[in-house]
Amino acid sequence: MAAPGPSPVPATADPAARPVTALRGVGPQLARRLERIGVRTIADLLLHRPLRYEDRTRLVPLGALRPGARALVEVEVALAEVRPRPRRQLLVRVSDGTGALTLRFFHFSEAQRRLFRRGVWLRLWGEARPGPAGLEMVHPECRLLRGAEPLEAALTPVYPATEGLHQAVLRRLVGEALALVERGAFPELLPAWALAGLGLPPLADALRTVHRPPPDADAAALAAGRHPAVRRLALEELLAHALSLRRLRREVQAAAAPALGEGALEARFLEALPFEPTGAQRRVIAEVAADLARGRPMLRLVQGDVGSGKTVVAAAALCRAVGSGWQGALMAPTELLAEQHARSLAAWLEPLGVRVVLLTGGRRRGRAAALRAVASGEADVVVGTHALFQEAVAFARLGLVVVDEQHRFGVHQRLALREKGRAGHLRPHQLVMTATPIPRTLAQVAYADLDGSVLDELPPGRKPVATVAVPETRREEVVERVRAVCAAGRQAYWVCTLIEPSEALEAQAAGRLAAELREALPDVAVGLVHGRMRPAEKAEVMRAFARGELGLLVATTVVEVGVDVPNATVMVIENAERLGLAQLHQLRGRVGRGAQPASCVLLYRPPLAETARARIAALRETGDGFEIARRDLELRGPGELLGTRQTGLLDLRVADLARDRDLVPVVARIADRLLAEAPGAAAALVARWVGERARYAEV
Ligand code: ADP
Ligand code: MG
């Protein structure tokens with residue numbers, strides 16, 4: 001890519017950008033272990049945030065020790081004995097004049113046993129627990145005291161670690177990295193105005209506080225990421241991403257794109273549709289058309305709730321490209337969806353003389369012919385998964401790329417796509433569609449490079465999906481309901497989810513569920529799809545379901561996005577309490593797509609946790625995807641594993657889009673001014689935080 005603007009500061013200029021092996025005592029083996037926790041450079045070490053902190057800065061008198069507390073104590077040994085039963089163990093009775101404590105060791109060496117002589121003083125770190133004879137510590141860290149020894153000056157960080165990587169090693173390495181910071185590594189890049197009025201510390205102070213908090217620091221706030229020191233780092237990270245996307249946008253828009261101004265085919269397509277486009281569809285189609293006609297690459301995100309009819313918008317844009325003499329590509333996140341899109345597009349467009357070709361990673365048969373058709377320009381519209389673009393697919397004259405269900409793709413994956421299919425100096429237009437509405441604040445960071453359109457109207461006649469939460473114990477009633485629905489000629493989904501989704505385990509569980517339901521519902525044709533099946537098999541089952549040959553489809557979350565079978569009116573979701581709100585909303589969106597009343601049954605395992613209850617309540621109260629996205633963000637605690645896909649849009653190390661959402665408007669403001677006033681600092685920030693990944697745009 002011809003990179004206008006300042007070139008980034010070379011990464012090597014900052015000593016913190018060097019690999020960890022530049023530190024004393026870090027050889028290849030230690031480097032490999034560090035790599036396992038994502039630490040490759042000295043900067044990575046600085047940004048490796050402790051999970052929690054231990055207060056070893058003060059001694060707690062035994063008389064003040066409370067059960068459950070981790071504490072540092074100094075004690076004198078009164079008595080030590082080995083008990084053979086019930087399990088061989090060493091018990092040591094200690095006291096400090098204010099109280100007494102028992103130490104319990106199940107593993108100990110002879111040398112350790114001899115350490116505990118009556119009258120010696122020890123410094124211990126451990127957790128006090130209630131025991132048969134008052135408080136005790138099991139396997140405390142112990143050190144023999146030889147006179148008065150100084151206490152730690154700072155809270156002790158406990159880092160995320162891995163096997164063979166000890167806390168002491170991590171602490172030492174971080175200490176060395178901090179010493180480099182004192183000597184000018186990892187320098188402050190934000191001008192003073194950027195931080196003014198925010199109450200956030202300068203960078204070096206923030207790093208010191210995170211890794212060496214003073215004894216009176218709020219350790220809970222630090223660990224949870226609510227402390228100003230962590231927020232200072234989060235601000236910088238969000239800023240770097242915002243800058244990176246703004247820069248990419250500018251670079252892309254400096255290029256030329258084919259002007260796709262011919263609207264006759266689009267008009268014929270809309271005319272021939274079996275339904276009237278909604279007002280929102282017409283509006284967004286016009287917004288897209290205006291972009292396409294401009295001769296600059298379109299960068300537009302269409303957000304539309306599940307069922308709002310995004311495919312029609314995509315088809316209209318594709319018609320404009322084809323009508324103007326160019327090819328269009330539609331990318332879906334799964335083969336299942338690619339198949340479905342190819343089917344709808346073929347049904348709509350082939351009667352108009354448009355040739356639609358399906359190209360997926362898994363299809364061998366016909367693939368060579370399809371590739372030839374794409375390369376020769378015989379194919380007008382190409383539908384596929386991202387595999388379509390990762391491989392060497394040559395387009396004759398690609399004018400438009402539509403990316404469907406974008407939330408499945410990471411931001412950098414999306415950027416990479418932009419560069420595919422460049423025809424000479426012309427770049428294709430890009431239309432991104434997502435059914436996961438993104439609250440405005442998030443869009444400002446994660447989609448700072450895109451213009452936004454919103455499909456905020458559902459096709460007429462849609463009724464809200466009646467949503468009920470049913471405990472596992474009433475499973476049979478749900479089976480009955482499915483039987484009745486199928487007997488009435490409608491169809492149902494039954495989605496199987498696991499807490500730790502491994503495709504293999506999930507596939508197994510889905511298989512068991514399908515077997516159970518086949519037995520319980522002998523009159524219903526039950527199909528099964530899961531991630532472990534071959535694409536062709538999956539597609540076959542989906543086709544059978546779409547044709548109505550199957551009454552019930554047992555599935556893993558592979559059916560989460562985009563699947564469109566209007567005759568399906570019941571969605572049962574197993575273990576609904578484990579899924580995030582956005583995901584539940586997506587799944588529910590598979591039904592209620594036709595004129596028939598539809599329902600969604602959330603099966604849960606009681607008792608329900610507070611957040612699960614709130615999620616289910618939110619889902620029952622509203623069908624509006626934007627409202628649901630807003631609540632999802634509120635409910636999602638930082639660090640919560642489920643439902644974090646939105647955060648996965650960007651690979652964030654410190655910031656959390658839910659926790660730090662109030663920083664987003666601040667970041668947008670700083671980003672604009674920084675680009676105008678300090679482009680060098682902006683480039684250095686991107687190099688520091690986004691680094692190589694930003695260059696995906698240049699592949
Ligand atoms: P999504 O936005 O979730 O991708 P789809 O494009 O799959 O939605 O559309 C959902 C269903 O609504 C499809 O069956 C589609 O044919 C139908 N549909 C789309 N637009 C309209 C409309 N204006 N009137 C009636 N039905 C529509
Ligand atoms: Mg869709």
Side-chain angles (χ1 to χ4, degrees), residues 266 269-286 288 300-319 330-349 351 381 383-385 402-409 431-438 452-465 490-491 493 542-543 545-548 558-569 571 582-596 598 600 623-626 628-629:
E266 181 186 281
F269 157 68
L270 292 175
E271 196 55 36
L273 269 180
F275 43 72
E276 268 300 297
T278 62
Q281 280 169 327
R282 286 197 186 280
R283 190 187 69 241
V284 174
I285 288 171
V288 169
R300 185 167 290 277
L301 171 70
V302 174
Q303 297 186 56
D305 209 347
V306 278
S308 59
K310 291 183 289 296
T311 319
V312 169
V313 173
L318 290 166
C319 281
L330 174 60
M331 277 192 29
T334 64
E335 306 235 338
L336 225 62
L337 274 189
E339 283 246 352
Q340 179 184 292
H341 279 317
R343 241 178 294 131
S344 324
L345 289 178
W348 287 334
L349 304 183
V381 170
V383 183
T385 65
V402 183
V403 184
D404 190 25
E405 303 299 356
Q406 136 76 16
H407 67 290
R408 284 289 179 105
F409 297 107
L431 179 63
V432 175
M433 309 198 295
T434 176
T436 308
I438 298 137
S453 289
V454 178
L455 272 178
D456 50 5
E457 184 183 347
L458 293 181
R462 298 278 168 83
K463 292 175 200 73
V465 177
R490 309 269 159 228
Q491 291 161 281
Y493 297 94
M542 285 312 296
R543 268 198 296 272
F545 188 65
R547 283 196 299 259
V558 293
V559 296
E560 181 182 332
V561 290
V563 173
D564 182 37
V565 180
N567 191 46
T569 57
M571 164 63 70
Q583 202 175 5
L584 288 169
H585 178 62
Q586 283 294 323
L587 284 169
R588 177 172 64 176
R590 296 309 112 222
V591 296
R593 301 172 82 84
Q596 294 297 316
C600 175
D624 174 351
F626 280 88
I628 284 177

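Numbering of ligands and ligand atoms starts at 1, following listing order. None of the values given here were measured: they were computed from a predicted structure.
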Tell me, do Val565 and Arg590 make a side-chain contact under 4.5 Å, heavy atoms counted?
no
Does a side-chain heavy-atom distance below 4.5 Å link Val288 with Arg300?
yes
Please say which of Val454, Thr434, Leu431, Val403 ends up in a side chain to side chain contact (heavy atoms under 4.5 Å, CB included) with Leu301.
Thr434
If we only count N/O pairs under 3.5 Å, is Trp348 in contact with ligand 1?
no
Using distance alone, determine whether Pro566 and ligand 1 share an N or O pair under 3.5 Å.
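N/O-N/O distance below 3.5 Å does not exist for this pair.
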Looking at ligand 1, would Arg462 count as a contact under a 4.0 Å heavy-atom criterion?
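Flag set, Arg462 near ligand 1.
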Salt bridge or not for Arg282 and Glu457, using N-O below 4.0 Å?
no
Would you mind checking if Asp564 and Arg593 are paired as a salt bridge, meaning a charged N to carboxylate O distance below 4.0 Å?
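Yes, charged N to carboxylate O under 4.0 Å.
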With atom 25 (C) of ligand 1 as the reference point, say which of Gly304, Gly307, Pro459 has the nearest heavy atom.
Pro459
Ignoring hydrogens, what is the shortest heavy-atom contact between Phe269 and Val312? Give both atom names and the distance.
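Scanning both residues completely, I find the closest heavy atoms to be CE2-O, 3.8 Å.
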Near [X], which atoms of ligand 1 are under 4.0 Å from a heavy atom of that residue?
{"X": "Asp305", "result": "2 (O)"}
{"X": "Glu276", "result": "22 (C), 23 (N), 24 (N)"}
{"X": "Gly309", "result": "1 (P), 2 (O), 5 (P), 6 (O), 8 (O), 9 (O), 19 (C)"}
{"X": "Thr311", "result": "4 (O), 5 (P), 6 (O), 7 (O)"}
{"X": "Thr278", "result": "23 (N)"}
{"X": "Pro277", "result": "23 (N)"}

Inter-residue atom distance Leu330.CG - Leu345.CG, 0.5 Å rounding
6.0 Å
Backbone, side chain, both or neither: what part of Glu457 comes under 4.0 angstrom of ligand 1, heavy atoms only?
neither
Side chain to side chain contact (heavy atoms under 4.5 Å, CB included) with Arg343: which residues, sequence neighbours excluded?
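For Arg343 the side chain to side chain contact (heavy atoms under 4.5 Å, CB included) partners, ignoring immediate neighbours, are Glu339, Gln340, Arg543, Ala546.
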